[in-house]
Amino acid sequence: MGKKILICDDSLMIRTQLRDFINKLEGGYEVIEAADGNAAVEMFTANTPDLVFLDVVMPGRGGLECLRLMKEANAATPVVMLSSVGAKHVLKEALEAGASDFVQKPWGEKLISSIIERFTGGA
Amino acid sequence: MFIQYFGSYLLNKGLLNPDQLKEAIELANSTQIKLGILAMNAGFLTADQITEVQMLQRTMDKRFGEIAVLKGYLTDSQVDSLLKTQEKGHLALSQAIADLDFLSLKQLETALQGYKNESGLTNQQISAIQAGDTDTIVRVFLDFSDLKAGDQYYEFASLMMRNIIRFLGELAMIEEQLSTKGFEAPVMVTQEIHGGVSLHTALAMDEETFLTMARKYSGLKMDAGSELADASITEFLNLNNGLFIVNLSNNGVDCDLTPPEITRNCQLTTDQGFVIPFYLGSGTINLIISPVSLG
């Protein structure tokens with residue numbers, strides 16, 4: 001099995017689009033998904049993913065709180081924020097909390113594949 | 001953009017029937033040329049540069065020409081020259097109507113003058129509509145001049161109009177806003193913007209339009225009433241509001257969003273909000289803006 005990527009987003013549309021795209025990439029990445037903040041933290045600790053895509057606005061725990069908890073659990077795992085809210089204060093807070101990168105929705109395929117390559121070194 | 005307004009006038013006056021208008025618009029749209037193609041034709045941009053600008057346009061609330069200038073690919077005067085060429089595209093509807101022999105040139109001239117007189121639009125406003133200038137269009141058709149937060153309402157409506165063009169690929173026509181009191185909708189997606197600015201926002205429509213829009217936005221296959229359809233429309237509102245917040249942030253105002261919610265068969269009771277109908281070829285999307293909760 002290839003590297004493991006955790007997608008945390010309450011939107012089924014975003015999860016479906018991203019999962020379909022990652023599944024098309026060469027190398028056979030394993031995609032796991034969480035639909036809210038609580039599930040995101042649980043899946044992170046239970047599955048030790050190689051890369052996380054994390055939404056900012058989610059029901060339950062918000063993305064920034066999830067990010068802090070993930071960093072406490074394993075600071076080495078890269079977490080990339082994926083959000084429609086690319087406002088300066090959100091960017092600042094995310095980077096201060098340890099986010100590895102920030103992607104403004106709607107995401108582009110080229111950008112996502114380069115992020116995956118950069119942080120996982122390929123599957 | 002002018003095609004929608006003038007086309008609607010021709011329909012309401014009985015000068016064209018719906019089938020004739022549809023045929024004329026299809027013919028006219030097939031001859032409308034995008035700025036990127038005009039720039040490539042003029043030797044200003046390469047295909048790779050056009051693709052790059054289009055990709056950036058998906059994440060920035062800026063027009064194609066603005067981004068091309070920011071990237072140093074086009075100068076302001078080149079953009080002006082291309083826009084002038086593109087503006088002539090609105091004549092495509094008149095050309096199509098004449099080519100299809102639906103109206104004579106004399107009848108067209110009279111109709112165009114009649115539209116100008118009845119709409120009360122100035123030549124400058126008509127030029128703005130022809131150029132697809134959404135900031136001007138919302139101020140022509142909507143009136144929030146009595147509201148303290150009126151400018152934000154105009155900006156929000158203008159952004160939605162641009163995003164409908166960008167992400168749904170449809171030109172939208174708007175008319176005067178309505179009150180939210182008593183407004184009913186089969187399905188409505190809501191999201192609150194809070195912080196430096198407080199706004200309750202929503203998109204409401206019928207189920208058929210909802211599914212069409214969801215498929216267009218996501219590019220995914222889905223069934224009516226599916227979770228994926230709901231997720232697609234909530235994400236579209238989320239995207240619009242995210243861009244609105246980025247614009248506010250760039251002006252020093254920090255805001256956040258609540259997760260979007262979806263409700264069916266709703267009726268609004270507040271009289272403090274506004275419904276702005278966006279008429280698209282595939283249905284009507286009602287944008288709702290309110291200073292108070294819509295729940």
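Below, read A as the first sequence line, B as the second, and so on, with proteins coming before strands; counting in each chain starts at 1. Heavy-atom basis, side chains included; hydrogens, waters and symmetry copies ignored.
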Please walk me through it: do B/Ser158 and B/Asp135 pass side chain to side chain donor-acceptor pair (under 3.5 Å)?
CA-CA 5 Å; B/Ser158 176; B/Asp135 291 334; 2.6 Å; yes

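- In this structure, no portion of A/Val56 lies under 4.5 Å from any heavy atom of chain B.
- Listed options A/Gly62, A/Ser83, A/Pro59 were ranked by heavy-atom pairs under 4.5 angstrom with chain B; first place goes to A/Pro59.
- Interface remark: B/Asn250 contributes backbone and side-chain atoms alike to the contact with chain A (heavy atom separation under 4.5 Å).
- Using a 4.5 Å cut-off between heavy atoms, B/Thr234 does not touch chain A at all.
- Neither the backbone nor the side chain of A/Asp55 comes within contact range of chain B, judged by heavy atoms closer than 4.5 Å.
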Under the salt bridge (Lys or Arg N to Asp or Glu O under 4.0 Å) rule, what do B/Asp254 and A/Lys88 come out as? Steps first, then yes or no, please.
CA-CA 8 Å; B/Asp254 288 340; A/Lys88 286 174 194 166; over 6 Å; no

Walk me through it: do A/Ser11 and B/Asn238 pass the test side chain to side chain donor-acceptor pair (under 3.5 Å)?
CA-CA 10 Å; A/Ser11 169; B/Asn238 191 47; over 6 Å; no

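- Both the backbone and the side chain of B/Ile245 come within contact range of chain A, each with at least one heavy atom under 4.5 Å from a heavy atom of that chain.
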How far apart are the C-alpha atoms of B/Tyr73 and B/Phe44, what are their side-chain angles, what is the distance that settles it, and do they pass the ring pair (Phe, Tyr, Trp, His ring centres under 6.0 Å) test?
CA-CA 7 Å; B/Tyr73 296 155; B/Phe44 296 158; over 10 Å; no

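- Both the sub-6.0 Å distance and the 45° axial angle are not jointly satisfied by B/Arg139 relative to the ring of B/Phe144.
- Within 6.0 Å of CD in B/Glu261 there are 12 or fewer heavy atoms belonging to other residues, nucleotides or ligands.
- For chain A, no part of B/Phe244 is nearby; none of its heavy atoms comes within less than 4.5 Å.
- The side chain to side chain contact (heavy atoms under 4.5 Å, CB included) test with A/Leu51 is passed by exactly one of A/Val79, A/Val80, A/Thr77: A/Val80.
- Here A/Val57 is the residue among A/Val57, A/Val85, A/Val90 with the most heavy-atom pairs under 4.5 Å with chain B.
- Between chain B and the options A/Asp10, A/Ile14, A/Leu91, A/Asp9, the largest number of non-hydrogen pairs under 4.5 Å is found for A/Ile14.
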